[in-house]
Amino acid sequence: MTTAERSKANPKTADFGASLTFDLSRPGRRGVLLPEPDVPQAELPEPRFLRSDLELPELSQNQVVRYFLGLSRLNYGVDTGFYPLGSCTMKYNPRVNEDVGRLPGFTLVHPLQPQATIQGALAVLHQLQSALAAITGMDSIGLAPAAGAQGELCGILMIKTYLEERGESDRRRKVLIPDSAHGTNPATAAMCGFEVVTIPSDRVGNTDMAALESALDDGVAAMMLTLPSTLGLFDPNIERIAETLHRHGALLYGDGANQNAFLGRARFGDLGFDVVHLNLHKTFSTPHGGGGPGAGPVCVKAKLAPYLPAPVVEADGDTYRLATPERSIGKTTAFHGSFGVLVRALTYIRSLGAEGLRAVSENAVINANYVLARLRGAYHLPYDHPCMHEVVFSGSRQRAKGVKTLDIAKRLIDYGFHPPTIYFPLIVDEALMVEPTESEGKEALDAFCEAMLAIAREAKEEPELVRGAPYQAPLRRLDEATAARRPYLRWRAPAQGESA
Amino acid sequence: MIIPPDLRYTKEHEWVRLADGPSAGSGQAIGTVGITDYAQDQLGDIVYVSLPEAGKQLTQLAVFGEIESVKAVSELYSPVTGKVVEPNQALTDSPELINESPYEQGWLMKVRLADESEIHKLLTAEQYSDYIEREGE
Amino acid sequence: MTSSAHPYIPNTDEDRRAMLDAIGVATADELFADIPPELRIEGLNLSPALPEQELVREMAALAGRNQVPGDGMACFLGAGAYRHFIPSVVGHVIGRSEFYTAYTPYQPEISQGTLQTMFELQSMTCELMAMDVANAGMYDGASALAEACLMACNITGRDRIAVLDSVNQDYAAVVRTYARGRGLTVDVVADGNLSAEHACLAVQHPNFFGCLEDVWSHEAAAHATGALLIAVADPISLGLLAPPGGYSADIAVAEGQSLGWPVGFGGPYLGLFACRQQYLRQMPGRIVGRTTDLDGRTGYVLTLQTREQHIRRERATSNICTSQQLVGLAAAVYLAAVGKHGLRQIAETCYHRAHYAAERIAALPGYSLAFPTPFFKEFTVRCPKPVEGIQELLLEQGIIGGLDVSERVENGMLLCVTEVNTREEIDRLIAALAEVNP
């Protein structure tokens, strides 16, 4: 069907993307009535300081609402359906968190108000610091990092500063990172001036202990380890890894992206980690927002506490104050981090309580293992072992029949599901990484597994069907190659003669 | 998979072609460098290539540039030591030429070789063919 | 939690039983067998679950312990976080959970809402800044500046960063944090003090003290030594003032919070980031491009991803993997709602009210403007007494005064006046300041 035919057949599939707010604009329209200056007019600065034109759209209010509502309907969110995006922990975002986060007593606080006027906000931060310390078993918590990647940056900078003060930074220039790690880990280590050394995984998916031993010398600053790993496996050698690193004077950094797997079952601090970052938008249910904002608190053992990013909150009885740790690595955002996200995370923790958080990990792990058990026969399992909160399949069997993992992912869209994470971790060929989270019940998992089994059958019997998917989404597959070859990155006024 | 018999190859999947075959012997030989059909197939849609400017010194089997598909970036290794004479300007606007014509229009650069005898350290078409067969297993 | 499930966890005991059977284990504990037994814990030392109504009551009580602007409390704080009116449409659009419960748009066929919004914001950022290309957003204005400085070092191959001394000190602090990782030097410089080792000069305009900068002379100084000019702009001011592209900035960043997002105790915010076309491939952050689908319909995708950490890993332009998308959505809706004339009107209202306040305060005995230069919506006042005491007096009268900048200007107070500060509030401020005895 041509575009025109398709548009005629189903008005919903009209070429929505062709008209931006700029195209809908008509001179003279406005979306909101604004106050007129009710004070004497001051003289404007000399003309060179002023701008002559500003090309922003002019829309009526109804147009603004319809346009963005239309856009929202092209999106798939956790509220739309099952979203088993591995490593991203797409759990339900409780509505009460949103209501609490939007209380005027929180949203209207200016970050530079006198501290006597912001005791409620500081109490929120202090309570969250305490709760995260209890959950991770670490001594001190810094809430300032605006995202997981910034938490990593802080953690590695703290290690760097700690080594500097011990006179070891000139020598310890390497950071060890497993081959299964998130891309942020090596990117962060490089931003902090370290050389990245990749540590392979062993046959069963854990850290290759022999490789670790041979990589370790007195030039290693730290190892960045994700636990459980991106393969969804809890490395049973974790104590030995920590002990080995510490014996060589290196530190153990924890990527806490997968904390959801063992909430209330074990604590990073007890496992030997020196510094860990958490992703509150993963484990602690704050919404992902379509790609931010998040928050990435950094949690440390006492020896690293003096280096925490500023600010931290200290309590003096019932009075709280913002403080800068003695040898802080400094600030990472202009103010105090993602406060709105931190409020939501605290609300979540208090809603679940100690037992509820333990139930989270239990159900997340049961759910992932249930998916593993149901799909074991249809999809290759490169690491066939009980998993934690996520399970990684390989589409290699289907690939052999000419159906790629990408095709399987796109076909899942037609069955009404968001696809799993694909092609990650990099060490699994044709990877399909499924993280159901505790938010789904058995019947939702059954429906997903039925779809995956149906697609496995289709891949054998009707591979063309799978390769052409999706058919039911707002758009069909997009031409990403042309997008990258000839970048078209902003609105442009239609040329003369072209219709708007 | 096309592997022209008259070229020499690296294990990193680059090829080099000498103007008059691998034994011109003048000391001023110009080689043309590109990536193989196998490489372009493995990379998928090539969207960008970063090449050295004319005059840049190259070392055999050292990195000289980068090639990008939509979701991968790979380093390019020079098959020969020498000096860049000319990068392929057509690739700036049309990197897809590498996919469409890896041995002709999709060449990456022309190089003045410092030492023609280096060519013999590279794989012949037959050796390269065996090599990618083993790699594919 | 034994029998009754929490509302966020749907599995019943019966479900769990059936699933454990299918998995082939007797208890859930068996699934945790890889955790070394001696390191397992029985539970967390946290308070028990709170029913929703108690949860709301407790959290609302915490919110109630803050004194916030509104209900008779006036506020004249700015310094990087700005109170501007937020049209109702913004809250309603960002409240759509199809937007806020989605992840990064890795599957473009079912993420066009997010992707098209990102493209809108990139386009609007380019228009506001008069720059060639923009990314879809960064953490905040300060970290955007830090990333811009690192980018300038990558482009120029130099390792010294110059930040003008009138740039917000907290922004300079964030630049220092980012710079220390790679051992880059950050120099806080006065006018024109650049060497050929500097990768960039960062200029805030209007500057931290509210003043308009002579951006043209800074531009000349930077480019004379081969450094890039990085502009830190206030997006509301761009309704009125010449944009960074107009004074030949190479990279322009801004705090996007002013565009439809509450001050919210400092975050999460939105870093706007734009640059010249020639630096596109060195730009950090997410970028969306326009393309077509198999049927020829227009669509949007994440593009130029090979710059990013998930592909280039240790050689990425940055480790960032967010675009602060929800805050970016608010900014796009805000700009669409206020439109080209609205933004100008807001900027002019800020300008006139700020000047109304400044003139009258400067006329009070003992008060004067600290700088003779033109300003936009913030200005620095030299007070007759230490600022701390004045702030307390103001607070007693229901006014959150300006920021104490006495470390930089003797008895200096940085005041911010926007369109949300009514004339009545401003008059109250003037009257209260008049009562301060020199």
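Order of the sequence lines sets the chain letters (A, B, ...), proteins ahead of strands, with each chain counted from 1.
A:Glu36 contributes atom CD, which lies 10.5 Å from atom NE2 of C:His352 (distance to the nearest 0.5 angstrom). Remark: C:Leu326 CG to A:His288 NE2 distance equals 12.5 Å, nearest 0.5 Å. Separating the CZ atom in C:Arg290 from the OH atom in A:Tyr488 is a distance of 4.0 Å, to the nearest 0.5 Å. Rounding to the nearest 0.5 Å places CZ of A:Arg265 at 9.0 Å from CZ of C:Arg40.
No donor-acceptor distance shorter than 3.5 angstrom exists from the side chain of C:Arg16 to the backbone of A:Ile366, with no hydrogens or angles considered. Remark: side-chain polar atoms of A:Asn75 are not paired, donor with acceptor, to backbone N or O of C:Ala102 under 3.5 angstrom. Remark: side-chain polar atoms of C:Glu419 are not paired, donor with acceptor, to backbone N or O of A:Leu34 under 3.5 angstrom. Without hydrogens or angle criteria, C:Asp293 side chain to A:Arg477 main chain gives no donor-acceptor distance under 3.5 Å.
Between A:Leu475 and C:Gly299, the shortest heavy-atom contact is CD1-CA, 3.7 Å. Between C:Asp34 and A:Pro386, the closest heavy-atom pair is OD2-O, 4.4 Å. Annotation for C:Tyr139 and A:Ala149: closest pair OH-CB, 3.7 Å, computed over non-hydrogen atoms. Heavy atoms only, all atoms of each residue included: C:Leu55 and A:Val96 are closest at CD2-CG1, 4.1 Å. Listed here is the closest heavy atom pair of C:His355 and A:Ala42: CB-CB, 3.5 Å. Nearest approach of A:Gly291 to C:Thr322, heavy atoms of both residues: O-OG1, 3.1 Å.
There is no side-chain donor-acceptor pair under 3.5 Å between A:Gln41 and C:Tyr351. Residues C:Asn319 and A:Thr184 bring no donor and acceptor atom of their side chains to less than 3.5 Å of each other. Residues A:Ser72 and C:Arg96 have side chains that bring a donor and an acceptor to within less than 3.5 angstrom of each other. With no hydrogens or angles considered, no side-chain donor-acceptor pair links C:Gln112 and A:Tyr76 at under 3.5 Å.
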Run A:Lys91 and C:Tyr8 through side-chain contact (heavy atoms from CB on, under 4.5 Å) and show every step you take. CA-CA 9 Å; A:Lys91 63 171 68 179; C:Tyr8 306 159; over 6 Å; no

Check the pair A:Thr161 / C:Arg180 against side-chain contact (heavy atoms from CB on, under 4.5 Å), numbers first and verdict last. CA-CA 9 Å; A:Thr161 311; C:Arg180 69 191 295 157; 3.3 Å; yes

C:Phe99/A:Leu71 under side-chain contact (heavy atoms from CB on, under 4.5 Å): CA gap, chis, key distance, verdict: CA-CA 9 Å; C:Phe99 282 126; A:Leu71 285 186; 3.9 Å; yes

Test log, rule side-chain contact (heavy atoms from CB on, under 4.5 Å), inputs C:Leu238 and A:Leu54: CA-CA 8 Å; C:Leu238 295 178; A:Leu54 174 58; over 6 Å; no

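Using a 4.5 Å cut-off between heavy atoms, C:Leu77 touches chain A through backbone and side chain atoms alike. Looking at C:Pro48, the atoms closer than 4.5 Å to chain A (heavy atoms on both sides) all sit in the backbone: N, CA, C or O. If you measure heavy-atom distances from C:Leu241 to chain A, the contacts under 4.5 Å come from both the backbone and the side chain. For C:Ile23, the parts lying near chain A are the backbone and the side chain together; criterion is any non-hydrogen pair under 4.5 Å. Contact annotation for C:Glu255: neither backbone nor side-chain heavy atoms come within less than 4.5 Å of a heavy atom of chain A. With a 4.5 Å cut-off on non-hydrogen atoms, C:Thr298 touches chain A through its backbone and its side chain both. Within the 4.5 angstrom heavy-atom criterion, no atom of C:Arg315 approaches chain A. Of the atoms belonging to C:Tyr171, it is side-chain heavy atoms, and not backbone ones, that fall under 4.5 Å from chain A. Neither the backbone nor the side chain of C:Arg312 comes within less than 4.5 Å of any heavy atom of chain A. With a 4.5 angstrom heavy-atom cutoff, C:Leu329 touches chain A only via side-chain atoms. Both the backbone and the side chain of C:Val333 come within contact range of chain A, each with at least one heavy atom under 4.5 Å from a heavy atom of that chain. Heavy atoms closer than 4.5 Å to chain A are found nowhere in C:Glu308, neither backbone nor side chain.
Salt bridge present: C:Glu109 and A:Lys410 bring a charged side-chain N and a carboxylate O closer than 4.0 Å. Ion pairing between a basic and an acidic side chain is recognised when a charged N comes within 4.0 Å of a carboxylate O; C:Glu98 and A:Arg73 show no such pairing. A salt bridge links A:Arg476 with C:Asp295: the distance from a Lys NZ or Arg NE/NH1/NH2 to an Asp or Glu carboxylate oxygen falls below 4.0 Å. The pair C:Arg353-A:Asp38 meets the salt-bridge criterion, with a side-chain N (NZ, NE, NH1 or NH2) lying under 4.0 Å from an Asp/Glu carboxylate O.
Of the listed residues (A:Thr107, A:Leu112, A:Val109), just one forms a side-chain contact (heavy atoms from CB on, under 4.5 Å) with C:Phe265, and that residue is A:Val109.
Counting heavy-atom pairs under 4.5 Å between each of C:Arg65, C:Gln122, C:Glu120 and chain A puts C:Glu120 at the top. Top candidate by heavy-atom pairs under 4.5 Å with chain A, chosen from C:Gly339, C:Pro243, C:Pro268, is C:Pro268. Put simply, of C:Gly266, C:Gly289, C:Ala142, C:Ala332, the one with the most heavy-atom pairs under 4.5 Å next to chain A is C:Gly266. Counting heavy-atom pairs under 4.5 Å between each of C:Asp15, C:Val338, C:Leu294 and chain A puts C:Leu294 at the top. Among C:Thr291, C:Leu150, C:Asn168, C:Val89, the residue with the largest count of heavy-atom pairs under 4.5 Å with chain A is C:Thr291. In terms of heavy-atom pairs under 4.5 angstrom with chain A, the leader among C:Glu30, C:Gln107, C:His310 is C:Gln107.
Annotation: side chain of A:Asp99 is not in contact with side chain of C:Val56 (no heavy-atom distance under 4.5 Å). Residues A:Tyr83 and C:Tyr103 have side chains in contact (heavy-atom distance under 4.5 Å, counting atoms from C-beta outward). Proximity of C:His341 to A:Glu58: side-chain heavy atoms (C-beta onward) are separated by under 4.5 Å at one or more points. Using a 4.5 Å heavy-atom cutoff, the side chains of A:Val65 and C:His92 are not in contact. Side-chain contact between C:Asn66 and A:Thr117: absent, with no pair of heavy atoms (C-beta onward) separated by less than 4.5 Å. With a 4.5 Å cut-off on side-chain heavy atoms, C:Phe32 and A:Phe234 do not count as touching. Counting only heavy atoms from C-beta outward, the side chains of A:Lys442 and C:Asn11 approach each other to under 4.5 Å. At a threshold of 4.5 Å between non-hydrogen side-chain atoms, the residues C:Ile400 and A:Pro114 count as touching.
Surrounding CD of C:Glu52 are at most 12 heavy atoms belonging to other residues, nucleotides or ligands under 6.0 Å away.
A:His182 is linked by a ring pair (Phe, Tyr, Trp, His ring centres under 6.0 Å) to A:Phe424, counting only residues two or more places apart in sequence or in another chain. Under the rule for a salt bridge (Lys or Arg N to Asp or Glu O under 4.0 Å), A:Lys331 has no partner lying at least two apart in sequence or in another chain.
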